[in-house]
Engineer: 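Sharing a structure with you now.
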Amino acid sequence: MTIFDQYLAFLHLDRRMALDIDLGPLQLHLFGRSVFLMWITVAILAVAGIAVLVSRRPELIQKWRTWVLIAPAVGLPVWIGHGTTAVLAAALAVVAVTEYARLVRLERADTWVLLALAVLYPLAAWLRPSLLQLAPVVLLLCALPSVLGGDVENGARRTAFTAFGSVWICWSLSHLVMVLPDTYLLCFAVAATDVAAWCGGKGLRRMAWARRPLSPLSPNKTVGGLVGAVIGAFVILTLLGSMSVGLLIAVSIGGVFGDLLESMLKRQAQVKDAGDWLPGFGGLLDRIDSLLLVLPLAYFLG
């Protein structure tokens, strides 16, 4: 058996596992790949927890604590089903839209349009996915507040930022519902690939080619980080048994450029983070910027 055959055999292993809990009135009997993902998450958080405690670096410990809270906050709604995943997507979109509106200084009317779409897009993805095809029409309707208000001076700018936010945040997050049952898998892969990109940027920085920035927008996003992201995405997607060329492109390339996209907006706004309420990460946009590009790419390529 060749190495490639061994790789394919590992890739196609049955990753479904059972979880049986009998504690008096509490009885839980589950079987599926979601149980495997749960144990992988617990194992990685446990190992990472030991590592950050040994490092004694407060910023790493703070980030680890946030991850411990994020994992069940995302995993449980996705585990339950489409309806709760739609609620999760809407909640994330509302918070992200609020941060985005502050970042690009949107008018109140434009912000309300985005808040409405933050709820309507995930709702459509749950109840009538075909409605997502109306996204180009919604883009044009984002001009309504400026047109009806007769804003000659800033109307074009307001429309552009509102339309962009409607696609980048609201439409993209609705794909949390569209990619089910692989939603948690994708979120997990994106988070792991972000870490791999950071490790690639740090580990390869002695090489001149690896230190080359991908864009002037963010000198810390380097070719070495991109290489780390591709390798990390390949390893984690293989571990999860979901490796494909489409998903590899979506998770690695999409994740890195999603991060750069938010960097462009933050540079324009002259701020370091989109918010300051999420310990160790800044705002929600700072945490999900990679995911916003990965989700639709994974849906269409994966």
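Computed from a prediction, not measured in an experiment: that's the story for all the values here.
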Engineer: Hey, does the side chain of T222 reach the backbone of A210 with a donor-acceptor pair shorter than 3.5 angstrom?
Structural biologist: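 Judged by distance alone, yes, a pair lies under 3.5 Å.
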Engineer: Quick one: which residue pairs count as a salt bridge (Lys or Arg N to Asp or Glu O under 4.0 Å) with a foot in residues 249-268, not counting sequence neighbours?
Structural biologist: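 Salt bridge (Lys or Arg N to Asp or Glu O under 4.0 Å) check on residues 249-268 returns K221-D259, E262-K266, K266-D286.
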Engineer: A quick test of your reading: do over 12 heavy atoms of other residues, nucleotides or ligands sit less than 6.0 Å from CG of D276?
Structural biologist: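 No, the 6.0 Å shell around CG holds no more than 12 heavy atoms from other groups.
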Engineer: To check you understand the geometry: which heavy-atom pair defines the closest contact between A233 and L248, and what is its length?
Structural biologist: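 Shortest heavy-atom separation between A233 and L248 comes out as CB-CD1, 3.8 Å.
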Engineer: Give a yes or no on whether the backbone of W126 and the side-chain of R128 come within a donor-acceptor separation of less than 3.5 Å.
Structural biologist: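 Absent.
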Engineer: Might you confirm whether atom CD1 of I3 has over 12 heavy atoms from other residues, nucleotides or ligands at distances under 6.0 Å?
Structural biologist: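 Counting neighbours around CD1 of I3, 12 or fewer heavy atoms of other residues, nucleotides or ligands fall under 6.0 Å, so no.
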Engineer: To the nearest 0.5 angstrom, please state how far the CZ atom of R105 sits from the CG atom of D110.
Structural biologist: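 Rounded to the nearest 0.5 Å, the CZ-CG separation comes to 14.5 Å.
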Engineer: With a 6.0 Å cut-off on the ring centroids, do F161 and W168 count as close?
Structural biologist: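 Ring-ring flag for F161/W168: false, centres at least 6.0 Å apart.
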Engineer: For a quick test of reading the model, state the closest non-hydrogen atom pair linking A298 to L186 and the distance between them.
Structural biologist: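 Taking every non-hydrogen atom into account, CB-CD1, 3.6 Å.
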Engineer: For the residue pair Y100 and F164, categorise the inter-ring angle as parallel (less than 30°), tilted (30 to 60°) or perpendicular (more than 60°).
Structural biologist: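 Tilted: the ring planes of Y100 and F164 meet at 30° to 60°.
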Engineer: Distance from I40 atom CD1 to L240 atom CG, nearest 0.5 Å?
Structural biologist: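 One finds 7.0 Å between CD1 of I40 and CG of L240.
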Engineer: Determine whether a donor-acceptor pair (N or O, by modelled atom type, separation under 3.5 Å) exists between the side chain of T84 and the backbone of G81.
Structural biologist: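 Looks like yes, one N/O pair under 3.5 Å.
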Engineer: Check whether L134 and L114 end up in the same hydrophobic cluster, where Ile, Leu, Val, Met, Phe, Trp and Tyr are linked by side-chain heavy atoms less than 4.5 Å apart.
Structural biologist: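 No, because L134 and L114 fall into different hydrophobic clusters, even though each may have its own neighbours under 4.5 Å.
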Engineer: Report yes if some heavy atom in the side chain of L173 is under 4.5 Å from a heavy atom in the side chain of P122; otherwise report no.
Structural biologist: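 Side-chain contact under 4.5 Å: no.
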Engineer: Of all the heavy-atom pairs spanning V78 and V74, show the shortest one and how long it is.
Structural biologist: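 Nearest pair, atom of V78 first, then V74: CG2-O, 3.2 Å.
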Engineer: Listing request: all side chain to side chain donor-acceptor pair (under 3.5 Å) pairs with a residue in residues 230-250, at least two apart in sequence or in separate chains.
Structural biologist: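 Every pair satisfying side chain to side chain donor-acceptor pair (under 3.5 Å) with a residue in residues 230-250: Y7-T238, R33-S242.
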Engineer: Quick one: name the residues clustered hydrophobically with L140, using the 4.5 Å side-chain heavy-atom rule over I, L, V, M, F, W, Y, and just say none if it's on its own.
Structural biologist: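 Reading the cluster by chain and number, L140 sits alone, since nothing else belongs.
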Engineer: Answer whether the closest heavy-atom distance between the side chains of I249 and L297 falls below 4.5 Å.
Structural biologist: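 No; the side chains remain at least 4.5 Å from each other.
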Engineer: Determine yes or no for a side-chain-to-main-chain donor-acceptor pair under 3.5 angstrom, with S172 supplying the side chain and I169 the backbone.
Structural biologist: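 Pair absent, no side-chain N/O of S172 close to backbone of I169.
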Engineer: Given side chain to side chain contact (heavy atoms under 4.5 Å, CB included), test W64 with E59 step by step and report yes or no.
Structural biologist: CA-CA 9 Å; W64 179 79; E59 68 276 12; over 6 Å; no
Engineer: Of all the heavy-atom pairs spanning L139 and S166, show the shortest one and how long it is.
Structural biologist: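 Heavy atoms only, the tightest pair is CD2-OG, 3.7 Å.
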Engineer: Determine whether M17 and F31 make a side-chain contact, defined as any pair of heavy atoms from C-beta on separated by less than 4.5 Å.
Structural biologist: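 Result no, sub-4.5 Å side-chain heavy-atom pair not found.
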Engineer: Would you please test V245 and L301 for side chain to side chain contact (heavy atoms under 4.5 Å, CB included) and show each step?
Structural biologist: CA-CA 8 Å; V245 175; L301 298 179; over 6 Å; no
Engineer: What distance separates D5 CG from F10 CZ, expressed to the nearest 0.5 Å?
Structural biologist: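 The CG atom of D5 sits 15.5 Å away from the CZ atom of F10.
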Engineer: Determine yes or no for a side-chain-to-main-chain donor-acceptor pair under 3.5 angstrom, with T183 supplying the side chain and L176 the backbone.
Structural biologist: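 It does hold such a pair.
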Engineer: Go through it in stages, so that I can follow the logic: the residues are M264 and L260, the test is side chain to side chain contact (heavy atoms under 4.5 Å, CB included), and I'd like the CA-CA distance, side-chain angles, deciding distance and then a yes or no.
Structural biologist: CA-CA 6 Å; M264 179 179 67; L260 284 172; over 6 Å; no
Engineer: Count the heavy atoms of every other residue, nucleotide or ligand shown that sit under 6.0 Å from CD of Q6, and state whether that count exceeds 12.
Structural biologist: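 Count over threshold, so yes.
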Engineer: May I ask whether M243 and F4 are part of the same hydrophobic cluster, defined by side-chain heavy atoms of I, L, V, M, F, W, Y residues being less than 4.5 angstrom apart, directly or through others?
Structural biologist: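 Shared cluster, yes.
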Engineer: Counting only heavy atoms from other residues, nucleotides and ligands, does the tally under 6.0 Å from CZ of R57 exceed 12?
Structural biologist: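 No - once you tally the heavy atoms of other residues, nucleotides and ligands closer than 6.0 Å, there are 12 at most.
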Engineer: To the nearest 0.5 Å, tell me how far L261 CG sits from D289 CG.
Structural biologist: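 One finds 8.5 Å between CG of L261 and CG of D289.
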Engineer: Is there side-chain contact between L19 and W39, with heavy atoms separated by less than 4.5 Å?
Structural biologist: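 Result yes, sub-4.5 Å side-chain heavy-atom pair found.
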Engineer: Verify the cluster assignment for L180 and L292: are they in a single hydrophobic cluster under the rule of side-chain heavy atoms below 4.5 Å apart?
Structural biologist: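 Yes.
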Engineer: Does some side-chain heavy atom of V87 sit less than 4.5 Å from a side-chain heavy atom of P77?
Structural biologist: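 No, every pair of side-chain atoms sits at 4.5 Å or beyond.
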Engineer: Answer yes if the side chains of W277 and E99 hold a donor-acceptor pair under 3.5 Å, and no otherwise.
Structural biologist: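 Yes - a donor-acceptor pair under 3.5 Å links their side chains.
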Engineer: In this structure, would L148 and L115 fall into the same cluster of hydrophobic residues linked by side-chain contacts under 4.5 Å?
Structural biologist: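 L148 does not cluster with L115.
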Engineer: List for me each residue that meets side-chain contact (heavy atoms from CB on, under 4.5 Å) alongside L127, sequence neighbours excluded, and say none if there are none.
Structural biologist: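 With neighbours one apart ignored, the set is L123.
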Engineer: Does any part of the side chain of V104, heavy atoms only, come nearer than 4.5 Å to the side chain of Q268, both counted from C-beta?
Structural biologist: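 Answer no - side chains too far apart.
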Engineer: Is the backbone of D151 close enough, under 3.5 Å, to the side chain of S146 for a donor and an acceptor to pair up by distance?
Structural biologist: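 Side chain of S146 to backbone of D151: no pair is present.
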Engineer: Are L132 and V138 linked, directly or through intermediate hydrophobic residues, by side-chain heavy-atom contacts shorter than 4.5 Å (ILVMFWY only)?
Structural biologist: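 The answer is yes; both residues are in one hydrophobic cluster.
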Engineer: Are the side chain of R15 and the backbone N or O of L11 linked by a donor-acceptor pair below 3.5 Å?
Structural biologist: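 Yes.
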Engineer: Check whether any side-chain heavy atom of T98 lies under 4.5 Å from a side-chain heavy atom of R102, and answer yes or no.
Structural biologist: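 A side-chain contact exists here, since the closest heavy-atom pair is under 4.5 Å.
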Engineer: Find the distance between OG (S290) and CG (L293) and round it off to the nearest 0.5 Å.
Structural biologist: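 Nearest 0.5 Å value for the OG-CG distance: 8.5 Å.
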Engineer: Do you know the tightest heavy-atom contact between T193 and A229?
Structural biologist: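 Scanning both residues completely, I find the closest heavy atoms to be CG2-O, 3.4 Å.
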Engineer: Give the intermediate values and the outcome of side-chain hydrogen bond (donor to acceptor under 3.5 Å, both in side chains) for residues Y184 and T41.
Structural biologist: CA-CA 10 Å; Y184 187 79; T41 302; 2.8 Å; yes
Engineer: Find out whether L226 and I253 are in side-chain contact, i.e. whether some heavy atom of one side chain is under 4.5 Å from a heavy atom of the other.
Structural biologist: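 Touching, per the 4.5 Å side-chain cut-off.
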Engineer: State whether the side chain of R211 and the backbone N or O of R206 hold a donor-acceptor pair below 3.5 Å, judged by distance alone.
Structural biologist: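 Side chain of R211 to backbone of R206: a pair is present.
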Engineer: Do you know the tightest heavy-atom contact between V179 and Y299?
Structural biologist: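 So the two residues come closest at CG1-CB, 4.0 Å.
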Engineer: For the pair S215 (side chain) and S218 (backbone), establish whether a donor and an acceptor sit closer than 3.5 Å, ignoring hydrogens and angles.
Structural biologist: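 No; zero donor-acceptor contacts below 3.5 Å.
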Engineer: Please round to the nearest 0.5 Å and tell me the distance separating atom OG1 of T162 and atom CG of L117.
Structural biologist: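 One gets 9.5 Å once the value is rounded to the nearest 0.5 Å.
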Engineer: For S34, is there any backbone N or O sitting under 3.5 Å from a side-chain donor or acceptor partner on W79?
Structural biologist: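 No, W79 side chain to S34 backbone: no donor-acceptor pair under 3.5 Å.
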Engineer: Not counting sequence neighbours, which residues clear side-chain contact (heavy atoms from CB on, under 4.5 Å) with V119? List them please.
Structural biologist: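 Expected list: V94.
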Engineer: Run V190 and D194 through side chain to side chain contact (heavy atoms under 4.5 Å, CB included) and show every step you take.
Structural biologist: CA-CA 6 Å; V190 169; D194 281 348; 4.2 Å; yes
Engineer: Report the residues that fulfil side-chain contact (heavy atoms from CB on, under 4.5 Å) with R65, sequence neighbours left out, ordered by chain and then residue number.
Structural biologist: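 Applying side-chain contact (heavy atoms from CB on, under 4.5 Å) to R65 gives I61.
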